[in-house]
Protein chains: 2
Amino acid sequence: MSWYSEHGPDQDIVISTRVRLARNIADFPFPHLLDSEKSNELIDLIEENVNKIVPNFFRTLHFQDLSEIDKLALTERHIVSPQLLQDKSEKALLINDDEDQSIVICDEDHMRIQGLYPGFKPDETFDKTHKLAVALESILNVACDNEFGYLTACPTNVGTGLRISALLHVPGLHRLDQLKYIIDSIRRSGYTVRGYYGEGSTEKGQMVQVSNQITLGQSDENLIEKFNTLLNSFIKKEREARKIWYQQRKIQLEDKIYRSQGILQSASLISYDEAFEHLSNLRLGRALDFDNFPDYPDILTLSYLVGVGSIQKLEGKVLSGTERDAARAAFIKKSLANK
Amino acid sequence: MSWYSEHGPDQDIVISTRVRLARNIADFPFPHLLDSEKSNELIDLIEENVNKIVPNFFRTLHFQDLSEIDKLALTERHIVSPQLLQDKSEKALLINDDEDQSIVICDEDHMRIQGLYPGFKPDETFDKTHKLAVALESILNVACDNEFGYLTACPTNVGTGLRISALLHVPGLHRLDQLKYIIDSIRRSGYTVRGYYGEGSTEKGQMVQVSNQITLGQSDENLIEKFNTLLNSFIKKEREARKIWYQQRKIQLEDKIYRSQGILQSASLISYDEAFEHLSNLRLGRALDFDNFPDYPDILTLSYLVGVGSIQKLEGKVLSGTERDAARAAFIKKSLANK
C-alpha cells in the first residue's frame, strides 16, 4: 500500500516527513564527472549490492527509459525533484512498491537513500532510511573522511549527508499574516523553508517544506532532535492560528471550505493548481472536523493522482490541456462521490 | 399561488410578460400636482370603485406604511420599480394574492393597471389587464381625448397608455457577442431595451427587458401584434445562439453551469448579485435539459426570495450584510436540497 494512503502523526498539519542520506562510492568520481558508460557501471554495481541486502524489494527505473509523463508523475508524488529531470545524464531510481523507500543513483551524488512517510515522524523515517544506508556501507566502499564525515558532491551535504524535511500545510499562519515572521525565524535558526516542490518552487496550497541546512559537525541524532523541537513548535503555532481564525471568522472560513468542496464535486474542467487549492481547503475542513469530509490519506492520494503527469498516467495516454482538465475534474468528482 | 410559481410559454428564455395601462381621472390634476389630502381622496375613490368591480380581490398597501424591507421586496418581485420608492408622496398599491394583477395609484399617473405573467404570453396578459381597465372606465371618469386617446402625465404614454414588456434571459447571444447588435436593431424599431430592473438599471444575470416606446397613433392590438413578432424573432435567435454555444464549447458550458450549481449547494455566504448569476446559470442548465435541475418556476421563485429585502422579510427581521449573505446561502442550500 502506498505510503500516502496511510495515516501519520500530526497529519492535520504535516503531510509528510522525508529523510535523505547522501552517500558516494570511494572508487568512482562524483556523478558530474562520470561518462555514460561509467555511470551505467555504477548503477549496476549499486543495484546488485542493494539486491544482496533486500532481494526483490526495489524495482529499478532508468530515467532515460521513462516517458515525460512518467517522470512528471514521479515529481508529483514527491519521489524525485523537478530539477533532477532537467539534466539528461544517466540516472536510475530504485523504488519499492509502497514508494516510501528509494535510492536515486547518479544524480548529484552516487546514492541518495530516501525515506518518505506520512505525517510527522522524524525518528522512524530516519531509522528506516539509516538502516538501509548502514547495510549498504557494510558491502560498498563508501567515501568517508575521519574528520569531515561523508564526502558529497556539494559541500553543503558533507558531514552526516543527512537532509531531513517535512511538508507542512499552514493556512492558519498564512491567513493571520504570521507566516513570514515564523519563516524568518526558522531561517535564522539555520533551516531552509521552501515551496511545495522544494528548491526553487513557489508556494502551493499554503504548503511549505522545512529542512535542515547544516550537515557538518553534528551527529545524526542531534540533527533529528533539533528538527523535532523546531517542527513541534511550528505545528503548535499553526494549530493555534487555525483556532483563532475559526473563532474569529467562523462562517467565512466555512464558506471558503464548503465552496471548495462544492467546486470539486461539480466542476467539469479543473486545472491542477485550482484543484490543489481546493484540496488544501478540504484538508483544513477535515482538520476542523467537518462532517463527512474525506480523510487525510484520501485527500493526499487525490492531490497526487490529479497532477499534470499523473492524470495522463491514470488515463493511459497523452492528453491536451482541456482533456487533462476534464479527466481531472471527472476523476475528482468520482473519487469524492465514493467517500 | 404566486404567478412566479407557475409555468409559462417560452420560459426557457422569457421570464415574464408585463402589461401596464396608464389611466387618469378627468376631475383630478396629475399626481405631481396633488397635495397629500387630495392624493388620499383619490386613492380612496379608486379603491372603492375597484372593489365594486372585483370585491375582496385586491388588498391595499399604502407606501408610507410600508417598511423599507417591504418596499425593497416589492421591487425585487418586479411589482413596482425602484424609482417609485424614491419619491415620498402619497401612493398606494392594490395587489391580488397571486401578485399577477395590481394597480399602482398616484405614481406618475393616477392609475397604472398592471398584469404580470410567467413566460411569454402578450395576448393573455393584455386581455386580462385590459378587461380590468375597461371595467374601471365604465364607472370612473377616465381622461380620454378623441384625437390623442388616453391622457397621461408623461407624453410618451399618451395614446393607448399601453406599455408591454418582456424580461428575457439571453446568455447565448451575450456569449456569442451578438447581443449588442440585436439590441441596436430592436432599438431602431422603436423599442426600448433595459436591464433587469427596467429604467436606469444595469444588466443582471444576462437578462434584458424589452418594451414598446410608442403608444400614440396605434391600436392596442397593433402594438401587441408587433411586439409578438419582434419578441418571437428575439427568442428564436437566443435559442439558436445557445445551440451553437453548446455545440462548440460543450464541456466549458457544462463546467460553468455545474460549478454554479455546486456553489449554490455549498456556499455558507453569498451575495444577492452572485446568487443571481448562479441562478441564471441554473436556468440555462434547465433549458439544456441537464439531469435533476430545478424547474423554471423554482429557480424564479428562489431568485425572488433571496433579494436583499426579500431575504430579510423571509427571516422576519433586519439583518446586517453578512447575516443576509448567510441567511441567503442557507435558504438556497435548503431549497435546492428539497428538489
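What you see below is based on every heavy atom in this structure, not just the backbone, and it leaves out hydrogens, waters and symmetry mates. Note that the coordinates shown come from a computational prediction; the quantities given were computed from them, not determined experimentally. Chain letters run A, B, ... following the sequence lines, proteins first and then strands; every chain starts at 1.
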Does a donor on one side chain and an acceptor on the other come within less than 3.5 Å for B:Lys71 and B:Thr75? no
Is it the backbone or the side chain of A:Thr322 that comes under 4.5 Å from a heavy atom of chain B, or both, or neither? side chain
Out of A:Gln261, A:Gln265, A:Glu254, return the one with the most heavy atom pairs under 4.5 angstrom to chain B. A:Glu254
Most contact-rich option vs chain A, by heavy-atom pairs under 4.5 angstrom, among B:Ile263, B:Ile251, B:Ile257, is B:Ile251
Could you label the plane-to-plane angle of the B:Tyr246 and B:Phe290 rings as parallel, tilted or perpendicular, counting under 30° as parallel and over 60° as perpendicular? tilted
Are B:Asp255 and B:Arg259 ion-paired here, with the side-chain N under 4.0 Å from a carboxylate O? yes
Which label fits A:Phe293 and A:Tyr258: parallel for a plane angle under 30°, tilted from 30 to 60°, or perpendicular past 60°? perpendicular
Is A:Ile270 close to chain B through its backbone or its side chain, or both, or neither, when contacts mean heavy atoms under 4.5 Å? both
